[in-house]
Amino acid sequence: MTTLQAQTVPAHIHALDAHDPLRHKREEFVLPEGAIYLDGNSLGAMPRRVPARLSHVASQEWGQQLIRSWTAQTRDDPAEAAQDWMALPDRVAAKVARLIGAGPHEVAVGDSTSVNTFKALAAALSLAGERRVILTDADNFPTDLYMAQGLGTLTGDLELRRVPAADVAANLTSDVGVLLLTEVDYRTGRRLDMAALSEQARAQGILTVWDLAHSAGAFAVDLNGCRADFAVGCGYKFLNGGPGAPAFLFVAERHHAAAPVVLSGWMGHADPFEMARDYAPAPGARRFVVGTPQVLSLSALDTALDVFADVDLRDVREKSLSLGRTFMALMEPLLSRFPLTLVTPTAEVERGSQVSYRHPQAREVMAHLIAAGIIGDFRTPDILRFGLTPLYHSHADVWHAVQGIGAVLEARA
Ligand SMILES: Cc1ncc(COP(=O)(O)O)c(C=O)c1O
Ligand SMILES: Nc1ccccc1C(=O)C[C@H](N)C(=O)O
């Protein structure tokens, strides 16, 4: 990789970076040496300020303050007082809300995306009444399918109807209760039209559950603008919250009164320390926080999200599209020389923040690429996937990566 990075980047690539309004953000991340990391859609790079926060949480909040940290409001220092662990999920929810077009009271942070998918599906199905069909993309991410299957085992009367993504709109029929979709496909990077599909679903009385795993932090999401009903997403991909970071759940305000809280844990109770015998939900989406907040990982995510504080998500989207365009254009000559097929849509509205190709030996090729310092992903059955993170990638990275991909393919041929 070192030799590759020593190659001279063409002037037109440099020019793209020179005009990049986000180029200063790269310094806010720790990036691996001697490698080009194109996997922020699996695990985002670490924001530089996270270790100091974790160190403070460990040494002071946990080490010294211990249980007093749960209710730090009792402390004299106003800055410390505002850092109580009980409200940490709510503080993080407010930061996530801004990125997904939601109100802070509509977002709950905690648990995994899988668990939040279960909460959302259970609530949505209950609101759907007699309609016992969940419609989904047959190629949806496995955990979305599995969680729906698990819920079906519990209720016993559920049909999980899987259709190709292109056929979803035609299958929004009156027996469907819930539409479960992932906005950006984890393999192809194809982005669905969330606004149109939400609208079409609503017209049929169907509730929507959107998985934003590959959307949140990659571009501006407008849940309320789309009148989405429920959504979930990961904290560790484009939100850079670290391995196993807590996930989020969005529940539109109009459903707060009627949506049942199936996992009704005490931390979602209106007054946990009242220790009442019966469950009474906290106001807003906080009721969907189940058990004790994951303080260490929430703290990491909390600080990681500060990277977005001065960022305009329109710039993020513009740059993501530019990186993708550049990547695809530079890869173009390789497509006639090697058995590579682009599977990411070229139309910008249909793209997330990754570029993927089919290759008959994709698994092997990706192993070679990783060994050469180009870190992407292999996804079954034959996908080479390259994630683009506008906050820390430059067009020069993309250029170096494509030179490396060409060299690896050439060496194998
Ligand atoms: C679309 C999608 N949903 C969900 C997940 C993950 O769910 P969890 O955080 O529960 O592992 C991923 C990635 O792992 C994903 O790509
Ligand atoms: N959570 C993980 C744990 C281990 C390895 C990968 C993941 C991913 O997130 C994969 C990602 N969802 C994907 O779109 O492929």
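Quick caveat, the model's predicted, so the values are computed rather than measured. Counting convention: from 1, in listed order, for ligands and their atoms alike.
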Could you go through Arg132 and Glu159, starting from their C-alpha distance and side-chain angles, then the distance that decides it, and tell me whether this counts as salt bridge (charged side-chain N to carboxylate O under 4.0 Å, His left out)? CA-CA 6 Å; Arg132 308 308 288 167; Glu159 182 195 339; over 6 Å; no
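- Remark: ligand 2 atoms within the under-4.0 Å shell around heavy atoms of Lys237 are 8 (C), 9 (O), 10 (C), 11 (C), 12 (N), 13 (C), 14 (O).
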| task | Give the C-alpha distance, both sets of side-chain angles, the deciding distance and a yes or no for side-chain contact (heavy atoms from CB on, under 4.5 Å) between Ser297 and Leu301. | result | CA-CA 6 Å; Ser297 49; Leu301 176 59; over 6 Å; no
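- If you look at Thr117 next to ligand 1, there are no close heavy atoms at all, none under 4.0 Å.
- Counted by atom type alone, Thr71 and Asp84 present zero donor-acceptor pairs between their side chains at under 3.5 Å.
- Asp315 and Lys25 are not joined by a salt bridge, as no carboxylate oxygen comes within less than 4.0 angstrom of a charged side-chain nitrogen.
- Of all atoms in ligand 1, numbered sequentially from 1 with element shown, those under 4.0 Å from a heavy atom of Thr143 are 4 (C), 7 (O).
- Ligand 2 lies nowhere less than 4.0 angstrom from a heavy atom belonging to Ala213.
- Checked against a 3.5 angstrom limit, the closest N/O atoms of Arg385 and ligand 2 fall inside it.
- Looking from atom 13 (C) of ligand 1 to the surrounding protein, the closest heavy atom is Lys237 NZ, 3.0 Å.
- A ring-centre distance under 6.0 Å is not found for Phe250 and Trp210.
- Among all non-hydrogen protein atoms, the one lying nearest atom 10 (C) of ligand 2 is Arg379 NH2, 3.4 Å.
- Between Glu61 and Arg68, no side-chain nitrogen of the basic residue sits less than 4.0 Å from a carboxylate oxygen of the acidic one, so the salt-bridge criterion is not met.
- The shortest N/O to N/O separation between His214 and ligand 1 falls below 3.5 Å.
- Interface of Ser42 with ligand 2, defined as ligand atoms under 4.0 Å from a residue heavy atom, comprises 6 (C), 7 (C), 8 (C), 9 (O), 10 (C).
- Here's the thing with Asp211: one of its N/O atoms is less than 3.5 angstrom from an N/O atom of ligand 1.
- The shortest contact between atom 12 (C) of ligand 1 and any protein heavy atom is with Phe141 CE2, 3.4 Å.
- When Phe118, Tyr146, Tyr236 are checked for heavy-atom proximity to atom 9 (O) of ligand 1, Tyr236 turns out nearest.
- Shown here for Met366 and Ile374, the closest heavy-atom pair between the two residues is SD-O, 4.4 Å.
- Ion pairing between a basic and an acidic side chain is recognised when a charged N comes within 4.0 Å of a carboxylate O; Arg191 and Asp185 show no such pairing.
- By the 30° and 60° cut-offs, the orientation of the rings of Phe273 relative to Trp266 is perpendicular.
- Protein heavy atom closest to atom 10 (O) of ligand 1, with residue, atom name and distance, is Ser114 OG, 2.5 Å.
- In summary, the atoms of ligand 2 found under 4.0 Å from a heavy atom of Tyr236, numbered by their order in the structure, are 1 (N), 9 (O).
- Partners of Asp222 by side chain to side chain contact (heavy atoms under 4.5 Å, CB included), not counting sequence neighbours: none found.
- When only interatomic distances are considered, the shortest N/O to N/O separation between His214 and ligand 2 falls below 3.5 Å.
- Residue-ligand proximity, Asp144 to ligand 1, at heavy-atom distances under 4.0 Å covers atoms 3 (N).
- Given atom 7 (O) of ligand 1, the protein heavy atom at minimum distance is Thr113 CB, 3.4 Å.
- Aromatic ring orientation, Tyr186 versus Phe141: perpendicular (interplanar angle above 60°, classes split at 30° and 60°).
- The protein does not reach atom 3 (C) of ligand 2 closely, with no heavy atom under 4.0 angstrom from it.
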